[in-house]
> 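The structure is given below, and queries will be raised subsequently.
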Amino acid sequence: MKKLVFMDHDGGIDDLLSLLLLLTIDEIELIGVSITPADCYLEPGVESSYKLLQLMGKEKDVPLGRGEYHGVNAFPPAWRAQPEVVNFLPMLINLPPSPDPYGIPNAVDLMVEKIKNASQPVSVLMTGPCSNLVLALEKDPSIKENIAEVVWMGGAFEVGGNVQTFQHNGSAEWNVFWDPINAKKMLAYELPLVFIPLDVTNHVPVGKTFLSRLAKQAEYKLSDLTGQFWATTIDTIPSYHYTYYMWDILATSYLALKDKFEVAEAMVDISVRPPNEGQTLLTSSGYKAKYAFDVDQEAFYEYMLQQFKR
Ligand code: AGV
Ligand code: CA
């Protein structure tokens, strides 16, 4: 039987790559996708999700949900605007238009409906903030029973964070920082949660070696397209080094490559105020959760190359 997955993403380049990856995994059945307007603007995020579903022939099977909730710490507008570029790539631009983003279901309603009515417990994959899941649990606490696992790209435990802003010491990761209050609430539910934090994503930068290997198999449509997605990330990181990480894609691959990850059990809490608002803390007074801290990098890169041979 296939593993049922509901995905909530926030429209970044690697979120979209993650959606594409998910659609290539034969053992997984995607039952719904909701879009959180965090690292994207909602409308282009819905559009690119729909285009990717069309590309994979899944637009009739996988419903999209519109995230209406906005966290307290907005992502920089330049980051939110960036992913619209994918809607203009030659392979996507002429696909039929997506549905009106205001005509599709609300993300929280869709999540509740899909998880509640699923024939078996659902894995929830979140590659943006976790707000929609918390709102869904608040709306209908009974869905907790039908959640098999929650995989969340978020947090930074024993490494520095990636938030750089006023009143902040840099210890938080953005997906948690967007909405720390709901992230803390999620911990209190004590779901079967595994964080894929910066501790492990730091091990998988998008390097030239990988992109070059991907380009060598560009006769495959998905290798060609994903290579173009990744190429758009080069100018966005203010660094001399090439350091876009495979944050969300690594989290997505966890669903298929569990045994390639090293995972620790921990007691976790989340700070909700300066100077470390959104920091994930290891503390005995916290809540039970797991987090990945290492991965077999070569196995992961190989897996990408194999999945995108289509
Ligand atoms: O913190 C990582 C999360 C991931 O879900 N996102 C990007 C990934 O989708 C936020 C983020 C951190 N640094 C960024 C981010 C950057 N330089 N550009 C865009 N987003
Ligand atoms: Ca993301």
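In what follows, residues are counted from 1 in the order of the sequence shown. Just so you know, these numbers come straight off a predicted model, no measurement behind them.
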> Where is the tightest heavy-atom contact between D269 and G286, given as atom of each residue plus distance?
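Here D269 and G286 meet closest at CB-CA, 4.2 Å.
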> Any donor-acceptor pair under 3.5 Å linking the side chain of K114 with the backbone of F6?
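No; judged by distance alone, with no hydrogens or angles, the pair does not exist.
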> Would W230 and Y244 count as a close aromatic pair, with their ring centres under 6.0 Å?
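Between W230 and Y244, the centre distance exceeds or equals 6.0 Å.
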> Take the angle between the ring planes of W247 and Y245 and call it parallel below 30°, perpendicular above 60°, tilted in between.
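Ring orientation of W247 relative to Y245: tilted.
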> Hey, any chance L23 and L92 share a hydrophobic cluster, counting ILVMFWY side chains that come within less than 4.5 Å of each other, even indirectly?
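Same hydrophobic cluster.
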> Can the ring centroids of F261 and F293 be said to lie less than 6.0 angstrom from one another?
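Ring centres of F293 and F261 not closer than 6.0 Å.
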> In this structure, would L20 and Y220 fall into the same cluster of hydrophobic residues linked by side-chain contacts under 4.5 Å?
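Unlinked, L20 and Y220 end up in two clusters.
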> Donor-acceptor pair, distance only, cut-off 3.5 Å: does the side chain of D14 make one with the backbone of D248?
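Yes: the side chain of D14 pairs with the backbone of D248.
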> Salt bridge or not for K139 and D109, using N-O below 4.0 Å?
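A salt bridge is present here (some side-chain N lies under 4.0 Å from a carboxylate O).
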> Quick check: does any side chain N or O of S271 sit under 3.5 Å from a backbone N or O of R273, one acting as donor and the other as acceptor?
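A pair under 3.5 Å: yes.
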> Using a distance-only test with no angle check, is there a side-chain donor-acceptor pair under 3.5 angstrom linking N276 and N169?
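No.
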> Does K58 have more than 12 heavy atoms from other residues, nucleotides or ligands lying within 6.0 Å of its NZ?
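Result for NZ/K58: open.
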> Where is the tightest heavy-atom contact between M7 and S18, given as atom of each residue plus distance?
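Distance-wise, the nearest heavy atoms are CE-CB, 3.7 Å.
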> Quick one: are R66 and E68 in side-chain contact, heavy atoms under 4.5 Å?
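Yes - at least one pair of side-chain heavy atoms lies under 4.5 Å apart.
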> Taking E173 for its side chain and N175 for its backbone only, find out whether a donor-acceptor pair lies under 3.5 Å.
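Checking the backbone N and O of N175 against the side chain of E173, a donor-acceptor pair under 3.5 Å is found.
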> Counting only heavy atoms from other residues, nucleotides and ligands, does the tally under 6.0 Å from CD of E138 exceed 12?
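Count over threshold, so yes.
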> Picking from V150, V151, L255, what satisfies side chain to side chain contact (heavy atoms under 4.5 Å, CB included) with S123?
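Option passing the side chain to side chain contact (heavy atoms under 4.5 Å, CB included) with S123: L255.
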> Would F300 and H203 count as a close aromatic pair, with their ring centres under 6.0 Å?
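No, the ring centres sit 6.0 Å or more apart.
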> Quick one: are L225 and L89 in side-chain contact, heavy atoms under 4.5 Å?
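Yes, side chains in contact.
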> Given 3.5 Å as the limit, does a donor-acceptor pair link the side chain of D10 with the main chain of D39, or not?
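Pair found, side chain donor or acceptor close to backbone of D39.
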> Would a distance-only check, ignoring hydrogens and angles, find a side-chain to backbone donor-acceptor pair under 3.5 Å from Q54 to P96?
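Between the backbone of P96 and the side chain of Q54 there is a qualifying donor-acceptor contact (under 3.5 Å).
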> Quick check: are there more than 12 heavy atoms from other residues, nucleotides or ligands sitting under 6.0 Å from NZ of K288?
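No - once you tally the heavy atoms of other residues, nucleotides and ligands closer than 6.0 Å, there are 12 at most.
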> Run the numbers on R80 and D15 for salt bridge (charged side-chain N to carboxylate O under 4.0 Å, His left out), then give the verdict.
CA-CA 12 Å; R80 298 185 67 195; D15 295 83; over 6 Å; no
> Taking atom types as modelled and ignoring hydrogens, do the side chains of H9 and S49 form a donor-acceptor contact shorter than 3.5 angstrom?
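Distance-only check passes for H9 and S49.
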> Under a 4.0 Å threshold between the charged nitrogen and the carboxylate oxygen, would E219 count as salt-bridged to K309?
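Judged by the 4.0 Å cut-off on N to carboxylate O distance, K309 and E219 do not form a salt bridge.
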> Tell me if the NZ atom of K3 is crowded by more than 12 foreign heavy atoms within 6.0 Å.
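It does: K3 NZ has more than 12 such atoms within range.
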> Do Y291 and E265 meet the criterion of a side-chain donor-acceptor pair at a distance under 3.5 Å?
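Side-chain D/A pair, Y291 to E265: absent.
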> Using a 3.5 Å distance criterion without hydrogens, assess whether the side chain of D179 forms a donor-acceptor pair with backbone atoms of S131.
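Checked: no pair found.
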> Answer yes or no: is there a donor N or O on one side and an acceptor on the other, between the side chain of D296 and the main chain of A299, under 3.5 Å?
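Yes; judged by distance alone, with no hydrogens or angles, the pair exists.
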